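Worksheet for the structure shown next.
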Amino acid sequence: MDAITKQTEEAKSFSFKEFGDALVEFFSSLKLAIFLMITLAILSTVGTIIQQGERPEAYIKEYGENAYWWFVKLGFVDIYHTWYFSTVLVLLCINSLTCFHQRFPAIWRSIRQDKVNVTASFIQSLKRSVTVDLPAERSTVTEAMGLAFAERGYRVLVNKGDTETTLYATKGVMGRVAAHVAHLSVTVIVAGGLLGNILGFRDFGVCLEGETYHVPQGNFDLHVDKFWIEYYDNGAVKSYNSTLSVFENGEKQVAKTITVNDPLVYKGIWFYQSSYGDSWDRVEKARIVVRDKATDKVVGEAILDWRKEAELKNLGLKLQLTDFVADFGFDAKDRRVYSKTVEHENPAVKLAITEYDRQLPAPWIFYHYPDLFEIQGSKYKFELTGYLTKKFTGLQIAKDPGVIIVWIGSTLLVVGVMLSALIFHRRVWAKVVSEPRGVTVYLGGTAYKGQIDFDREFHRLSARIKALAPPHR
Amino acid sequence: MFRSLFLFDVTFWLYLAAVVLYFGYLVASKRALRPAYAGHPAFSEEDDGWAQPLGQLATWVTFCGLLVNGLALGTRAYERMQLSGTFAPWSNQFEAMSYVSFAIIAGYLFLELKYGIKAIGAFVVSVGFIAMGAASLLPYRYQVAEPLVPALNSYWIYIHVSITLTSYAAFAMAGGLGVMYLLKERAERRGRRGTIYETFPSLEKIDELGYKSVMIGFPLLAFGVILGAMWANYAWGGYWSWDPKETWSLIVWLIYGAYIHARMNRGWEGHRAALYQVFGFGMVVFCFWGVNFLLSGLHAYA
Ligand code: HEM
């Protein structure tokens, strides 16, 4: 009974170990790596074919109701943030870390200690190998060969026996170390991205010249001193720029003119010049034409500055532009006027009118519908015939503490991949065996890659050795 | 503007001439082969005489093409400088294509110099020529240098774009070598003798050179994509926004990453590797052209 329990226990622990090994094997396998890379490529392709993060109507219009339902179900409308996309990324990290764990120690060890002693038949079994008989001293040949290897940058280890000497020469193992640096870097980059996602934020601000905005994430204020656009001679936009000042506790800390490709950084928060556009709730100026109600003749015209009273003395009028909406909408519940969109679809201004010192009820005047309302108690009709838009500056506001880690990982990645492409691991063995009349040299080598270059190098090495034979023979 | 367009035109014709000469060289070397394998002495004088001068001429014409191509890019850079104060001669589709063909041809000449294999020229120079030809087929408004939009007006464009485009050139070279491999392999499988394909280097060599090209393109693309991310972080406040172009660069990079690892121990050499190189190059072409014209995003300026 006891024995049986023990046996099963043993079997169990054994199979656990086996299971663990199989798991490590699986996670360090190249097969999985290839599968994950291709999977990521395919998922990303889906994400570029189907536009990401659109409004539902856009999908329904293009693909139909049914397809849209599936897209939402499968996460295709935001595929880069789905659980399965993240899973693949995480698996790739696990995969490359396990690979590192499995293979790197051996490579590292081989830098210091390597297989020096090999048999002649091993050398002959290598893909590149030659055998040469030389009528020379063993020590002379050994020395000459060591020199030949060293001249080509090989590290040479020598093992001297009674009747034979074995030389082992190697170089370029750093190329393989570099490949493993690249493997580690993938996790570093993903970790940096994750950190940024958790600790960072990204906002978009629509800001107006002359206004101050509070930045809660940094607990300071941002004042937009100025915004302007520069043009090329042909009228194309050359650059757009905002001058920003940071205020903390009412005191000015820094000021900088930002432009596309040149952000402001304050307390780890970056302000980018991201876009610009026409404001939807104010204008710079508006042109108002005044007509006489009775005759329908134009009797006056005023160019009004935003919220500044202007006087038309001959008509006994004082006018002020108090409000603007770009796309007129009326909220019946709150009895409030608002702009339905940011587009200038149905622009309207609200005009405060004082006629012969009498305040009239302020009407909305529509750009597209000049005759919509009649203003009670006025001699005049007012028309909005044009306006100068007020530009807003679009600021991207972001903080990403993970970004530095991403750059570290990226540097490791690029350096690792570059070095592993440029440096390749080569190993050459030579066995010099004393014979009754001279020596026999067995020379063989393998390269981990870069076969053509190694072929040439091996060819030169063997030519060098053959040349050790005295010419008279 | 017309000066550089004229030079680009000259480049096009020189590359065309080079392609013809390289194919001429192949045919001539094949004719030189025939008597040797048939086992009786050369049956006419010119069989042996043509291959070498044609090959030499092909190399020189290619070299002249490269010079004119470089001159054209330089002239375009000067014109850009006059126009808008930035000079990167790879700021629109046309210029980028011309730069890619420059890089392909430069890479090829380096390869020929180093390994002395001329037969490859017929394929790789063809790819460079096609790139140049496709550029010159673009409508005129894509060929002229418009001033840069604000987002592109930055020193990042010099390094990010040139490195990415150079990696495309390396992948183009791998694609050309893949085609070459497949053709030669097919000829060998059918057991046909005395064909053009016999003048090609050995399958093993073509395979290895293809791999080498990928191993040049792969780190360059990694570097290019990361520089793009740095630029994006500087210009737009985010290093990665899954914009179609950057995503496609990543896709291409992953595809070649799979290739490198598949080669390592899954025996993806020879036939499969060659097929994959051609497929990968197709993806590069899509990343370069398809994305700009079919998908929308930040990079679709041109
Ligand atoms: C996207 C992430 C990866 C990158 C950028 C990458 C990059 C590289 C590079 C550049 C090489 C050298 C290739 C060569 O010398 O021809 C390499 C080798 C290798 N990679 Fe990766 N790799 C990645 C992921 C993985 C993963 C997930 C595995 C998991 C199995 C893996 C396994 C290997 C192995 C076993 C080698 C050979 C290393 C040696 O002994 O020299 N790689 N990798």
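Proteins get letters first, then strands, A, B, ... in listed order; numbering begins at 1 in each. Remember, predicted model here, so these are calculated numbers, not experimental data. Atoms considered below: every heavy atom in the structure, side chains included; atoms not considered: hydrogens, waters and symmetry mates.
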Restricting to non-hydrogen atoms, name the atom on [X] and the atom on [Y] that form the minimum distance, rounded to 0.1 Å.
X       : Y       : result
A258(B) : Y276(B) : CB-OH, 3.7 Å
G75(A)  : T82(A)  : O-CG2, 3.4 Å
T39(A)  : F35(A)  : OG1-O, 2.6 Å
F288(B) : A96(B)  : CZ-CB, 3.8 Å
L203(B) : E185(B) : CD2-N, 3.9 Å
G172(A) : I423(A) : CA-CG2, 3.4 Å

Is any residue of residues 213-223 of chain B within less than 4.5 Å of chain A by heavy atoms, and which ones? M215(B), F218(B), P219(B), L220(B), A222(B), F223(B)

Sorted by number, residues from residues 161-172 of chain B in contact with chain A (heavy atoms, under 4.5 Å):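 At a heavy-atom separation under 4.5 Å, chain A is reached by no residue of residues 161-172 of chain B.
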
Chain A: which of I255(B), L254(B), L209(B) shares the most heavy-atom pairs with it under 4.5 Å?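 Ranked by heavy-atom pairs under 4.5 Å with chain A, first place is L254(B).
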
Taking every non-hydrogen pair under 4.5 Å, which of V252(B), N233(B), V225(B) racks up the most with chain A? N233(B)

Quick one: which of V260(A), T393(A), T259(A) gives a side chain to side chain contact (heavy atoms under 4.5 Å, CB included) with Y240(A)?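 Exactly one option meets the side chain to side chain contact (heavy atoms under 4.5 Å, CB included) with Y240(A), and it is V260(A).
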
Below 4.5 Å from any heavy atom of chain B, which atoms of [X] appear? Answer side chain, backbone, both or neither.
X       : result
L413(A) : side chain
S274(A) : neither
V406(A) : side chain
A398(A) : side chain
Q273(A) : backbone
S420(A) : both

Check whether F424(A) forms a cation-pi arrangement with R426(A) (NZ or CZ under 6.0 Å from the six-membered ring centre, at most 45° off the ring normal).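 Geometry flag: set, cation within 6.0 Å and 45°.
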
Would F200(B) and F123(B) count as a close aromatic pair, with their ring centres under 6.0 Å?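 Aromatic pair counts; centres sit under 6.0 Å.
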
Determine whether the aromatic ring centres of residues H180(A) and F104(A) are separated by less than 6.0 angstrom. yes

Parallel, tilted or perpendicular: rings of [Y] and [X] (30°, 60°):
X       : Y       : answer
F458(A) : F454(A) : tilted
Y256(B) : Y259(B) : perpendicular
W270(A) : Y234(B) : perpendicular
W242(B) : Y80(A)  : parallel

What salt bridge (charged side-chain N to carboxylate O under 4.0 Å, His left out) pairs are there with at least one residue in residues 212-222 of chain B, not counting sequence neighbours?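 Non-adjacent pairs meeting salt bridge (charged side-chain N to carboxylate O under 4.0 Å, His left out): D453(A)-K212(B).
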
Can you find a pair of side-chain heavy atoms, one from R80(B) and one from E95(B), that are under 4.5 Å apart? yes

Pull out the residues in residues 87-98 of chain A that come under 4.5 Å of chain B, heavy atom to heavy atom, sorted by number. none

Under 4.5 Å heavy-atom distance to chain A, tell me which part of M230(B) shows up: side chain, backbone, both or neither. both

Contacting region of Y211(B) [heavy-atom separation from chain A under 4.5 Å]: side chain

Heavy-atom pair count under 4.5 Å with chain B, highest-scoring of G416(A), S239(A), G193(A), P263(A):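 Heavy-atom pair counts peak at P263(A).
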
Between R103(A) (side chain only) and S28(A) (backbone N and O only), is there a donor and an acceptor less than 3.5 Å apart?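 A pair under 3.5 Å: yes.
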
What do the steps show when you test W248(B) against E246(B) for side chain to side chain donor-acceptor pair (under 3.5 Å), and what is the final call? CA-CA 5 Å; W248(B) 263 95; E246(B) 67 188 10; over 6 Å; no

